[in-house]
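We count residues from 1, following the sequence as given.
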Amino acid sequence: MDQSHWQISGDQFLCRMSQSLGAMATLAFTKEPGRQIEMQLQLDAVHLELQDVQGQVVTAGWQPVQTAPAVRFSPSFTSARLARFTEQVPLIMQQLQQGYWLKLSLDLPGQAIDLTVPNLKFEPALQQFQACIAGLLPLRWEQAREYQVIYPSGERLADADSLAYLRLLASYIQQDKKVRKILIDGHSDDAPTSLANRVLSEERADEVASRLIEFGVNKQKIEIRAHGNRYPQAVGHGGPKHNRRVMIRLIRTPA
């Protein structure tokens, strides 16, 4: 048990704090931008298949017998090799901080196995994990790759909520070095005239581009296009609102 060791790894896109549970499995806490901390149990023994796993907080093995907090937890998702826990994870980490251990009961074909997760060296590992989290990007790629600014009829300026998101997006673009181009496409509804619509869509796109540049984005990466009402994305009731938009799309350098 004295060999227990938490390993910290990560970058701007993912932070991970993990511990090997012998040859059987690996337990990890992970954090991605825009998502809550998740706990994962990865089965490492290739000859076994995970059917279910249940967990609970228990008294540390070296402590006098005492009543442990009544904290039990179940995975939100289970496959043959992986169990993911998304609920009560902050509470689980808090219990490890307070000196308790975790007990994981694995249901495998033809057998049941209990694994113990000690809290040894958890506090310094947690500090490193939190430092990694502080350096995460404000958004993950799935959130940043496409975004639409929606406008009231005739309006040229983005609203406060959209401006707040553009700040986050600009921060993401500056830190993700793989982003090589930002496509900004302005659109309008079909009123009043085609020429006026194209001018309005261009003004909207220019204003969004100016905001991104103001927030620190390299203007050389930005490509602006104005389409007027040529490419409606919605028709019928409620359609015009969704056609009054600026679409922002990020293009990355292929891996």
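Under the 3.5 Å distance criterion, the side-chain polar atoms of Asp11 are matched with a main-chain donor or acceptor of Leu14. With hydrogens and angles disregarded, a donor-acceptor distance shorter than 3.5 Å links the side chain of Lys31 to the backbone of Arg35. When atom types are taken as modelled, the side chain of Gln175 and the backbone of Ser171 share a donor-acceptor pair closer than 3.5 angstrom. Between the Lys221 side chain and the Val179 main chain, a donor and an acceptor come within less than 3.5 Å of each other. Side-chain N or O atoms of Gln174 include one that pairs as donor or acceptor with a backbone N or O of Phe215 at under 3.5 Å. A donor-acceptor pair is defined here as one N or O able to donate and one able to accept, closer than 3.5 Å; such a pair exists between the side chain of Ser210 and the backbone of Asp206. Panel note: side chain Ser201, backbone Gly228; a donor-acceptor pair is recorded below 3.5 Å. A donor-acceptor pair under 3.5 Å is formed between the side chain of Arg156 and the backbone N or O of Gly154. Between the Gln143 side chain and the Arg140 main chain, a donor and an acceptor come within less than 3.5 Å of each other. Remark: side-chain polar atoms of Gln88 are paired, donor with acceptor, to backbone N or O of Arg72 under 3.5 angstrom.
Residues Phe29 and Val89 form a side-chain contact, since some pair of their non-hydrogen atoms from C-beta on lies under 4.5 Å apart. With contacts defined as side-chain heavy-atom distances shorter than 4.5 Å, the pair Ile182/Ile251 does not qualify. Using a 4.5 Å heavy-atom threshold, the side chains of Ile222 and Val217 count as touching. For the pair Glu207 and Leu157, the minimum side-chain heavy-atom distance is below 4.5 Å. No side-chain heavy atom of Thr116 sits less than 4.5 Å from a side-chain heavy atom of Asp114. You'll find the side chain of Arg244 stays beyond 4.5 Å of the side chain of Leu200, heavy atoms only. Proximity of Gln7 to Ser20: side-chain heavy atoms (C-beta onward) are nowhere separated by under 4.5 Å. You'll find the side chain of Leu212 reaches within 4.5 Å of the side chain of Ile184, heavy atoms only.
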Practice prompt. Check the pair Asp176 / Arg252 against salt bridge (charged side-chain N to carboxylate O under 4.0 Å, His left out), numbers first and verdict last.
Written response: CA-CA 9 Å; Asp176 185 351; Arg252 264 178 161 181; 2.9 Å; yes
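Note on Phe85: it does not cluster hydrophobically with Phe77, by side-chain heavy-atom contacts below 4.5 Å among ILVMFWY residues. One hydrophobic cluster holds both Leu166 and Ile224 under the rule that ILVMFWY side chains link at heavy-atom gaps under 4.5 Å. The hydrophobic clustering, which links ILVMFWY residues whose side-chain heavy atoms are closer than 4.5 Å, places Ile173 and Met247 apart.
Leu102 contributes atom CG, which lies 7.0 Å from atom CG of Leu27 (distance to the nearest 0.5 angstrom). Summarising the geometry, atom CD belonging to Gln56 is positioned 5.0 Å from atom NZ belonging to Lys103; distances are rounded to the nearest 0.5 Å. Expressed to the nearest 0.5 Å, how far CZ of Arg225 lies from NE2 of His187 amounts to 8.5 Å. Summarising the geometry, atom NZ belonging to Lys178 is positioned 14.0 Å from atom CG belonging to Leu250; distances are rounded to the nearest 0.5 Å. Considering CD1 of Ile113 and CG of Leu21, their distance stands at 11.5 Å, rounded to 0.5 Å. Between atom CD of residue Glu32 and atom CD1 of residue Ile133 there is a gap of 11.5 Å, rounded to the nearest 0.5 Å.
When all heavy atoms of Asp44 and Ala23 are compared, the pair lying nearest together is CB-O, 3.8 Å. Asn197 and Ser188 get closest at one heavy-atom pair: CB-OG, 3.0 Å. Between Ala158 and Val149, the closest heavy-atom pair is CB-CG1, 3.9 Å. Between Met17 and Ile8 the shortest heavy-atom distance is CG-CD1, 3.3 Å. Nearest approach of Leu96 to Trp101, heavy atoms of both residues: CD2-CA, 4.3 Å. Of all heavy-atom pairs spanning Ala25 and Leu115, the tightest one is CB-CD1, 4.0 Å.
By the 4.0 Å N-to-carboxylate-O rule, Asp185 lies too far from Arg245 to be salt-bridged with it.
Crowding of Gln111 atom CD: a count of heavy atoms from other residues, nucleotides or ligands under 6.0 Å exceeding 12. Heavy atoms of other residues, nucleotides or ligands lying less than 6.0 angstrom from CD of Glu87 number 12 at most.
For residues 144-187, the set of pairs meeting the disulfide bond (SG atoms under 2.5 Å apart) definition, not counting sequence neighbours, is empty. Within the structure, every pair that satisfies the side-chain hydrogen bond (donor to acceptor under 3.5 Å, both in side chains) test and touches residues 77-86, not counting sequence neighbours, is listed here: Glu38-Arg84, Ser76-Thr86. Applying the ring pair (Phe, Tyr, Trp, His ring centres under 6.0 Å) test to pairs two or more places apart or on separate chains, those with a residue in residues 102-133 are Trp6-Phe122.
For the pair Arg204 and Tyr151, the cation-pi test (distance below 6.0 Å, angle within 45°) is passed.
For the 3.5 Å distance criterion, the side chains of Gln97 and Glu123 qualify, holding a donor opposite an acceptor. In the model, Gln54 has a side-chain atom that pairs as donor or acceptor with a side-chain atom of Asp52 under 3.5 Å.
With Pro75 as the fixed residue, the side-chain contact (heavy atoms from CB on, under 4.5 Å) test singles out one of Leu50, Leu41, Leu82, Val53: Val53.
The aromatic rings of Tyr165 and Tyr147 sit parallel, their planes meeting at an angle under 30°, below the 60° perpendicular limit.
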